[in-house]
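Below is one structure, written out as structure tokens; the observations come after it.
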Amino acid sequence: MGWDSLYPQLLAAGVSDARVLEAMASIPRESFLAPHQYGEAYTDRALPIACGQTISQPIVVGLMTQALMLTGQEKVLEVGTGSGYQAAILSRLCRRLYSLERHRDLHTTATARFQDLRLRNITTLLGDGWRGWPEQGPFDRIIVTAAADEIPQTLTEQLTVGGIMVIPVGEQYQDQQMLRIYRSEQGFHVEELFPVRFVPMVRGLATGGRY
Ligand code: SAH
């Protein structure tokens, strides 16, 4: 089982943007999994990774990436590096990706993977997504890959005018909606995209330490 089995599922789910499909085809999902999981790499399932977290479902990765409407010129912030799979795909579609993760293990492992795969336009940081990355902002796009219990205002403030944020928002493990938020001169416009289930966006670093 490989990309050929995933591709028709992505199309059927509405991932139709040729550039997104091309980027997904170019990133081997097994590179972000443990060897015993390789057999499941091309099934449309979220799978466990270290620190009690999950690598997202390929269809959700495809739909979120497509919803960002990237042209290749953007400066993008990702909250929740996790395995690094979503980041690797984004890196093929934007100018530079900044990715934050609150677990040191995940941050370190993903950073090494980006080096191995020679994805040189990704900058990673052990940090808290609730704070964002003001030193690098503002961002043309922000993608959050953990579910927030409310729209984080610190993040919307780090969006450029004309910018787009894609974020799952809702209660822990239930009733979450993928939202797309546009920032215009007039303010913010929120659109509901589809229901999802994500691990929670937790406040602070996992170690509790300062950074
Ligand atoms: N994009 C990842 C998805 C990982 S799951 C992938 O493709 O594999 C979501 C990740 O968000 C987890 O690794 C979790 O530790 C991280 N996370 C949760 N809350 C966070 C926060 N406040 N700041 C940074 N990362 C956070």
Side-chain angles (χ1 to χ4, degrees), residues 6 20 23-24 27-34 37 40-68 76-94 97-114 117 119 122-134 136-137 139 141-156 158 165-170 172-173 176 178 196-211:
L6 197 53
V20 172
M24 291 186 78
I27 301 294
R29 192 167 181 246
E30 64 268 26
S31 303
F32 301 88
L33 296 171
Q37 297 173 313
E40 290 177 281
Y42 296 93
T43 55
D44 184 48
R45 268 191 231 137
L47 297 168
I49 57 172
C51 306
Q53 305 303 310
T54 55
I55 178 174
S56 308
Q57 238 177 293
I59 284 177
V60 174
V61 169
L63 290 173
M64 288 179 81
T65 306
Q66 184 167 277
L68 285 173
V76 181
L77 173 68
E78 179 190 34
V79 172
T81 315
S83 68
Y85 177 60
Q86 170 78 78
I89 291 162
L90 290 169
S91 78
R92 310 301 303 262
L93 296 165
C94 70
L97 177 70
Y98 296 86
S99 186
L100 285 173
E101 171 56 54
R102 63 185 288 279
H103 280 285
R104 185 179 295 277
D105 277 10
L106 293 171
H107 159 74
T108 307
T109 308
T111 304
R113 282 175 181 150
F114 301 147
L117 292 167
L119 302 172
I122 306 178
T123 308
T124 57
L125 181 71
L126 181 69
D128 177 8
W130 284 100
R131 176 178 175 269
W133 199 334
Q136 296 292 357
F139 300 95
R141 301 288 187 269
I142 299 178
I143 178 170
V144 180
T145 65
D149 53 14
E150 59 182 348
I151 296 173
Q153 217 184 315
T154 29
L155 289 186
T156 53
Q158 287 172 36
M165 171 153 94
V166 173
I167 178 173
V169 175
Q172 205 159 322
Y173 302 110
Q176 299 168 4
M178 190 62 69
V196 279
R197 187 181 283 203
F198 268 81
V199 295
M201 180 173 169
V202 182
R203 288 171 172 82
L205 291 189
T207 53
R210 288 176 66 85
Y211 61 95

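In this text the structure is predicted, and so the values were computed from the model without any measurement. Remember, it's 1-based here, ligands and their atoms both numbered in the order they're listed.
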Which is closest to [atom] by heavy-atom distance: [options]?
atom                    : options                      : result
atom 16 (C) of ligand 1 : Gln53, Glu101, Arg102, Gln57 : Glu101
atom 11 (O) of ligand 1 : Ala50, Ser56, Gly80          : Gly80
atom 4 (C) of ligand 1  : Thr54, Leu125, Ile49         : Thr54

*Have a look at ligand 1 and work out which part of His103, if any, has a heavy atom under 4.0 Å from it: side chain, backbone, both or neither.*
side chain

*Does any N/O atom on Val202 come nearer than 3.5 Å to any N/O atom on ligand 1?*
yes

Closer than 4.0 angstrom: is that true for some heavy atom of [X] and an atom of ligand 1?
X      : result
Arg203 : no
Cys51  : no
Gly127 : yes
Thr81  : yes

_Test your reading of the model: is there a side-chain donor-acceptor pair from Gln158 to the backbone of Arg131, 3.5 Å cut-off?_
yes

*CZ (Arg113) with more than 12 external heavy atoms under 6.0 Å*: yes

_What protein heavy atom lies closest to atom 9 (C) of ligand 1? Include the residue and the distance to one decimal._
Thr145 O, 3.3 Å

*Where is the nearest protein heavy atom to atom 23 (N) of ligand 1: which residue, which atom, and how far?*
Gly129 N, 2.8 Å

*Do any pairs count as a salt bridge (Lys or Arg N to Asp or Glu O under 4.0 Å) and have a residue in residues 144-155, sequence neighbours left out, and if so which ones?*
Asp149-Arg203, Glu150-Arg203

*Check: Val60 and Pro168 side chains under 4.5 Å, non-hydrogen atoms*: no

*Identify, with sequence neighbours excluded, every residue that meets side-chain contact (heavy atoms from CB on, under 4.5 Å) alongside Gln153.*
Thr156, Glu157

_Nearest atoms (heavy-atom pairs only) where Leu155 meets Gly132_ = CD2-CA, 3.6 Å

